[in-house]
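The first residue of the sequence shown is numbered 1, and numbering continues consecutively from there. Order of listing sets the numbers, starting from 1, for every ligand and every atom in it.
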Amino acid sequence: MRRSRKTDWMRRLVRENSLSSNDFILPIFVTEGKNKKIPIKTMPEVFRYSVDKLGQIVDRALKLKIPMVAIFPQTNSGLKDSYGSEALNENNLVCKAIRKIKDKYKNEIGIMTDVALDPYTSHGHDGILRNKRILNDETIEILIQQSLLQAQMGSDVIAPSDMMDGRIGEIRQELDNNSLKDIKILSYAVKYASSFYGPFRDAVGSKKSLKGDKKTYQMDFSNSEEALREVALDIKEGADLVMVKPGLPYLDIIKKVKENFKIPVLAYQVSGEYSLLMNGINKGLISENSIYETLMSFKRAGANAIISYFADRIDKIIKN
Ligand code: PBG
């Protein structure tokens with residue numbers, strides 16, 4: 001076996017997978033105010049941008065030829081309530097960010113927006129909470145409106161991350177009924193109730209408010225066959241792309257989904273994965289090459305694209 005590993009040119013010749021900026025989606029956090037670029041303590045080298053400063057990071061994505069950015073808002077706690085009403089405000093942070101990016105960049109770069117109530121609810125859950133239960137169908141009524149609003153503002157890809165049952169079909173129907181047939185749906189079809197979302201909840205400010213856990217709607221991490229049922233349902237309901245989340249602890253799921261369904265599969269390298277790598281590197285425990293190695297594992301597993309907080313540095317990561 002070592003004959004083919006002897007020289008760099010030979011290794012390149014037999015290499016089975018590769019990475020390019022086309023494989024990435026860059027998540028961007030937005031915050032209120034003007035002229036702001038605020039570091040996120042738990043996520044080294046990731047920032048929250050005010051809407052007027054978004055150009056800085058979107059320019060970077062465009063320069064790197066990253067196909068799409070994903071917008072996540074940090075909502076002021078004063079705007080949160082038990083129904084997440086701010087989600088339906090056409091002047092909320094996400095809507096302002098979509099309009100700003102669309103206006104400036106037209107169709108040069110794709111915009112993806114998260115559909116779920118957790119950035120807007122006082123209890124930090126993705127749906128409506130009553131008597132300690134998350135209500136599925138009542139939540140969907142709001143998610144439909146949230147999706148429609150985001151699409152009308154100019155979002156290209158609607159990405160429900162809430163894990164309510166049946167929402168993909170209802171959102172698809174609503175978009176179609178409103179002449180928004182070209183708007184794509186990326187379903188967070190397989191989203192596990194994971195401990196790896198901590199830094200993200202910190203970044204969007206839902207960590208302190210979150211009461212309890214999300215185990216009644218997000219998936220049990222002991223299961224993999226159930227993931228295939230989730231994907232099958234969402235495809236039937238009209239999803240164009242499906243996501244597996246988190247990434248690294250679920251490479252087996254990415255592979256299984258890809259083997260069973262011929263649909264684009266995306267991996268989300270979530271905040272906890274990002275921060276573990278960054279902290280390990282910053283402490284000198286592992287080398288920076290661990291980033292490239294980790295990202296390549298998603299490709300090996302069969303992911304078509306990766307949502308990663310490293311995306312804005314992907315040129316350096318690939319070059320090294
Ligand atoms: C919320 C949402 C979460 C993430 C993306 N959308 C957090 C959660 O479900 O609690 C996590 C992303 C990350 O950790 O990087 N619907």
Side-chain angles (χ1 to χ4, degrees), residues 24-30 40-48 68-75 80 84 86-87 93-94 112-129 134 136 139-140 142-143 146-147 150 155 157-164 167-168 171 185-221 230 242-250 266-279 294-295 298 306-312:
F24 288 89
I25 297 168
L26 173 68
I28 300 175
F29 293 108
V30 281
I40 298 166
K41 262 198 217 97
T42 51
M43 299 180 75
E45 287 174 53
V46 179
F47 302 85
R48 299 185 192 99
M68 182 160 78
V69 294
I71 309 292
F72 295 100
Q74 181 202 29
T75 309
K80 297 185 183 185
E86 178 67 6
L93 267 177
V94 168
M112 152 181 166
T113 48
D114 218 58
V115 169
L117 301 182
D118 60 309
Y120 311 103
T121 50
S122 43
H123 44 70
H125 280 288
D126 295 29
I128 299 173
L129 182 69
I134 302 297
N136 194 89
T139 299
I140 290 181
I142 303 179
L143 299 178
Q146 186 183 19
S147 306
Q150 291 176 353
S155 177
V157 176
I158 299 296
S161 70
D162 54 285
M163 289 297 278
M164 298 301 122
R167 87 280 204 216
I168 299 299
I171 291 169
I185 298 182
L186 190 178
S187 174
Y188 286 74
V190 185
K191 180 171 177 180
Y192 286 92
S194 169
S195 303
F196 286 86
Y197 306 144
F200 174 95
R201 291 178 188 167
D202 200 31
V204 301
S206 69
K207 194 170 195 167
K208 270 184 244 123
S209 48
L210 181 62
K211 294 186 179 69
D213 56 48
K214 300 190 176 185
K215 286 182 184 170
T216 65
Y217 48 106
Q218 297 181 348
M219 273 188 62
D220 180 344
F221 53 71
E230 283 282 5
V242 294
M243 176 103 75
V244 174
K245 178 181 171 188
L248 199 61
Y250 299 92
L266 277 63
Y268 200 141
Q269 182 188 47
V270 299
S271 57
E273 300 173 59
Y274 173 85
S275 296
L276 279 174
L277 281 169
M278 284 303 281
N279 278 298
T294 307
L295 294 171
F298 294 119
I306 307 155
I307 303 194
S308 170
Y309 301 98
F310 288 113
D312 63 328

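Ranking the protein heavy atoms by distance from atom 16 (N) of ligand 1 puts Ser161 OG, 2.7 Å first. Protein heavy atom nearest atom 1 (C) of ligand 1, with residue, atom name and distance: Asp118 OD2, 2.9 Å. Summary of contacts: the protein heavy atom closest to atom 2 (C) of ligand 1 is Lys191 NZ, 3.3 Å. Protein heavy atom at the shortest distance from atom 11 (C) of ligand 1 is Lys245 NZ, 3.0 Å.
With a 4.0 Å cut-off on non-hydrogen atoms, Val270 touches ligand 1 through its backbone as well as its side chain. Looking at Tyr274 against ligand 1, nothing comes within 4.0 Å, counting heavy atoms.
Between Lys41 and Asp202 no salt bridge is recorded (no basic side-chain N to carboxylate O distance below 4.0 Å).
Interface of Arg201 with ligand 1, defined as ligand atoms under 4.0 Å from a residue heavy atom, comprises 8 (C), 10 (O). Within the listing of ligand 1, atoms 8 (C), 9 (O), 10 (O) sit less than 4.0 angstrom from a heavy atom of Lys214.
In terms of modelled atom types and a separation under 3.5 Å, the side chain of Ser209 and the main chain of Ser206 share a donor-acceptor contact. The closest donor-acceptor contact from the side chain of Tyr309 to the backbone of Glu45 lies at 3.5 Å or more, if one exists at all.
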Check residues 121-129 and write down every donor-acceptor pair under 3.5 Å in which the side-chain atom is one partner and the other belongs to a residue at least two apart or another chain.
| unit_1 | atom_1 | unit_2 | atom_2 | d |
| --- | --- | --- | --- | --- |
| Thr121 | OG1 | Gly124 | N | 3.2 |
| Thr121 | OG1 | His125 | N | 3.2 |
| Thr121 | OG1 | His125 | O | 2.8 |
| Ser122 | OG | Asp81 | O | 3.4 |
| Ser122 | OG | Ser82 | N | 3.3 |
| His123 | ND1 | His125 | N | 3.2 |
| His123 | NE2 | Ser82 | O | 3.0 |
| His125 | ND1 | Tyr217 | OH | 2.7 |
| His125 | NE2 | Lys211 | O | 2.6 |
| Asp126 | OD1 | Lys214 | NZ | 2.6 |

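For the pair Tyr268 and ligand 1, a heavy-atom separation below 4.0 Å is found.
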